[in-house]
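Worth knowing before you read on, the calculation uses all heavy atoms, side chains too, and leaves out hydrogens, waters and symmetry mates. This chain uses plain numbering: 1 for the first residue, then up along the sequence.
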Amino acid sequence: MFEKIKPPEEGEKIRYEDGKLIVPDNPIIPYIEGDGIGRDVVPAALMVLDAAAEKIGKEIVWFEIYAGEKAYKLYGSYLPEDTLNAIREFRVALKGPLTTPVGGGYRSLNVTIRQVLDLYACVRPVYYLQGVPSPLKNPEKVDLVIFRETTEDVYAGIEWQKGSPEALKVIKFLEREFGIKVRRDSGIGLKPISEFATKRIVRLAIKYALENGRRVVTLVHKGNIMKYTEGAFREWGYEVAKEEFGDRVITEDELWNNYGGELPEGKILINDRIADNMFQQLLTRTAEYDVIVTPNLNGDYLSDMAAGLVGGLGIAPGSNIGDGMGVFEPVHGSAPKYAGQNKVNPTAEILSGALMFEYLGWKEGAELIKKAVEITIKSKIVTYDLHRHIGGTLVGTREFAKAVVENLQSL
């Protein structure tokens, strides 16, 4: 099955049967160290995740696979088939950051992984850890989960360079067939949003809300301007809510007309907001938002902004979820100038591992990880990014992870 990697002999595979993951107590889980600071944060995270697994009577059997510069040296490819096949085979993987060239070079490996494996939902929880500096007066009110569609919209990657035969052909077609005039010196891109992909991610978000005690699901779109793509996203989102979850979901109109604005027990509210308005809503009406569902680009902006409310991308975890498959990664980039210095904050990678534990059904372990990280930061044992704001004991990447392990073991 594999060209240059060999799975471990010990451990068992995670299986996917009848729409559910079957997770053994000793799963084989591939990991990608990635580029830049991946060499620092991924080993730190593995240390914490091993301790958390042991604490709850589990064991992870790690299996290194490759993407980015490390893969290129081994395979002559930045994303070899071995890596994609390993994730398909073992279903869950932990990933470090990967570099994406701006303007030219190879296409985003993160986007490619999502699209090739049909990991259609980028799921990013945003919550406050006590002790982390925040621009908000009450950052503890932030408790969001953002579901961002990842296979369509601008991330479909359908575009042609200015002056290329393809771009000029599209420009001529638009003018000839529809009377639409586009400047000839334009780059051209397409933004597909389908009913299938929209309903799939909204369905996943509503199921998540029902299973995790969340009360509000908000569709975020720019449907006032782009009526047949983002506007359709809104309409299809409401359709799947009414058709598949009608006994559990109510709209904002129903909330006020039938229930006096009080959400009844056992129901969740589905509403929608215009994308640009949503940015100030998260600042001024933070506590009103719970689960947010967006097309790709809106979610990209919004999830980074939301992370800024609770301390920034350095502590923001993320995941890419498909049907019976997940890849878990930090939101931040590869920061190559800090690579190998044992300096950067591994919190985002560690918390991405906590997200992975939740996906595996190991919720007790996930909570232990989050509590241990919070205790460590509250005690002001921190890396340089937080130390410059709150002082305390300045430590390196490995030392921070060791402190988290010590706190986890004492819980």
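Taking the six-membered ring for Trp and thresholds of 30 and 60 degrees, Phe357 and Trp362 have ring planes more than 60 degrees apart, a perpendicular arrangement. Between Phe90 and Phe2, the ring planes lie parallel to each other; the angle is under 30°, not in the 30° to 60° tilted range. Taking the six-membered ring where tryptophan is involved, the planes of Tyr301 and Phe279 are tilted, since the angle between them lies from 30° to 60°.
A salt bridge links Glu288 with Arg285; the closest basic N to acidic carboxylate O contact falls under 4.0 Å. A salt bridge links Glu195 to Lys199: at least one charged side-chain nitrogen sits closer than 4.0 Å to a carboxylate oxygen. For the pair Glu64 and Lys70, the salt-bridge criterion is met [side-chain N within less than 4.0 Å of a carboxylate O]. Under a 4.0 Å N-O distance rule, the pair Glu367/Lys370 qualifies as a salt bridge. Salt-bridge annotation for Glu239 and Arg234: absent, with no side-chain N of the basic residue lying under 4.0 Å from a carboxylate O of the acidic one. The existence of a salt bridge linking Lys58 and Asp50 is excluded, since no basic side-chain nitrogen approaches an acidic carboxylate oxygen closer than 4.0 Å. With salt bridges taken as basic N to acidic carboxylate O contacts below 4.0 Å, none links Lys267 and Glu254.
In this structure, a donor-acceptor pair under 3.5 Å is absent between the side chains of Asn296 and Thr150. Side-chain contact annotation: Thr251 with Asp253, donor-acceptor N/O pair under 3.5 Å absent. Under 3.5 Å, the side chains of Asp40 and Thr397 contain no donor-acceptor pair of N or O atoms. Side-chain atoms of Lys95 and Asn320 include no donor-acceptor pair closer than 3.5 Å. Between the side chains of Ser303 and Arg124, at least one donor N or O sits under 3.5 Å from an acceptor N or O.
With a 6.0 Å radius and a threshold of 12 heavy atoms from other residues, nucleotides or ligands, Arg215 has its CZ atom above the threshold. Atom NZ of Lys55 has more than 12 neighbouring heavy atoms from other residues, nucleotides or ligands inside a 6.0 Å radius. Crowding of Gln161 atom CD: a count of heavy atoms from other residues, nucleotides or ligands under 6.0 Å not exceeding 12. At most 12 non-hydrogen atoms from other residues, nucleotides or ligands lie less than 6.0 angstrom from OH of Tyr72. Within 6.0 Å of the CD atom in Gln341, the count of heavy atoms belonging to other residues, nucleotides or ligands exceeds 12. In this structure, Gln280 places its CD atom where more than 12 heavy-atom neighbours from other residues, nucleotides or ligands lie under 6.0 Å away.
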**OP:** In sequence, state the C-alpha distance, the side-chain angles, and the governing distance for Ile292 and Leu302, and then conclude on side chain to side chain contact (heavy atoms under 4.5 Å, CB included).
**Re:** CA-CA 10 Å; Ile292 293 171; Leu302 198 63; 3.9 Å; yes
Subject >> side chain to side chain donor-acceptor pair (under 3.5 Å) between Asp272 and His221, intermediate numbers included >> reply: CA-CA 8 Å; Asp272 71 277; His221 59 90; 2.8 Å; yes
**OP:** Apply ring-ring contact (aromatic ring centres under 6.0 Å, His included) to the pair Tyr31 and Phe63, showing each step before the final yes or no.
**Re:** CA-CA 6 Å; Tyr31 73 94; Phe63 172 27; 8.6 Å; no
Subject >> CA sep, side-chain torsions, deciding dist, call: Glu152, Ser194, side chain to side chain donor-acceptor pair (under 3.5 Å) >> reply: CA-CA 8 Å; Glu152 297 190 324; Ser194 72; 2.7 Å; yes
Subject >> Test log, rule side chain to side chain donor-acceptor pair (under 3.5 Å), inputs Tyr120 and Glu149 >> reply: CA-CA 6 Å; Tyr120 57 86; Glu149 209 288 326; over 6 Å; no
**OP:** Show your reasoning for whether side chain to side chain contact (heavy atoms under 4.5 Å, CB included) applies to Asp300 and Thr294.
**Re:** CA-CA 9 Å; Asp300 204 2; Thr294 78; over 6 Å; no
Original post:
What do the steps show when you test Val92 against Met325 for side chain to side chain contact (heavy atoms under 4.5 Å, CB included), and what is the final call?
Top reply: CA-CA 6 Å; Val92 173; Met325 192 176 299; over 6 Å; no
Subject >> Asn407 and Lys371: CA distance, side-chain angles, deciding distance, side chain to side chain donor-acceptor pair (under 3.5 Å) verdict >> reply: CA-CA 9 Å; Asn407 285 320; Lys371 286 178 184 176; over 6 Å; no
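When Asp290, Leu282, Thr286, Val310 are each tested for a side chain to side chain contact (heavy atoms under 4.5 Å, CB included) with Leu144, only one passes: Leu282.
No side-chain heavy atom of Ile375 sits less than 4.5 Å from a side-chain heavy atom of Lys378. Using a 4.5 Å heavy-atom threshold, the side chains of Leu94 and Ile32 count as separate. A heavy-atom distance below 4.5 Å is found between the side chains of Leu255 and Leu263. Leu204 is not listed as a side-chain neighbour of Lys207, based on a closest heavy-atom distance of 4.5 Å or more. Put simply, the side chain of Glu230 reaches to within 4.5 Å of the side chain of Ile193, judged on heavy atoms. Residues Val123 and Val145 are in side-chain contact: their nearest non-hydrogen atoms beyond the backbone lie under 4.5 Å apart. Taking 4.5 Å as the limit, every side-chain heavy atom of Glu59 sits out of range of all side-chain heavy atoms of Asp25. Annotation: side chain of Val293 is not in contact with side chain of Val220 (no heavy-atom distance under 4.5 Å).
A donor-acceptor pair is defined here as one N or O able to donate and one able to accept, closer than 3.5 Å; no such pair exists between the side chain of Ser164 and the backbone of Trp160. At least one donor-acceptor pair closer than 3.5 Å links the side chain of Glu374 to the backbone N or O of Gln130. Judged purely by atom type and a 3.5 angstrom limit, Thr347 has no side-chain atom pairing as donor or acceptor with the backbone of Ile315.
Ala67 approaches Leu79 most closely through the heavy-atom pair CB-CD1, 4.0 Å. Between Arg200 and Asp118, the shortest heavy-atom contact is NH1-OD2, 2.8 Å.
Between Tyr384 and Tyr338, a ring centre-to-centre spacing shorter than 6.0 Å is recorded.
For the pair Lys4 and Tyr75, the cation-pi criterion (under 6.0 Å, within 45° of the ring axis) is fulfilled. Taking the ring axis of Tyr155 as reference, the NZ or CZ atom of Arg148 stays within 45° of it and closer than 6.0 Å to the ring centre.
Expressed to the nearest 0.5 Å, how far NZ of Lys227 lies from OG1 of Thr229 amounts to 10.5 Å. Atoms CG and OG, from Leu129 and Ser134 in turn, are 11.0 Å apart once rounded to the nearest 0.5 Å.
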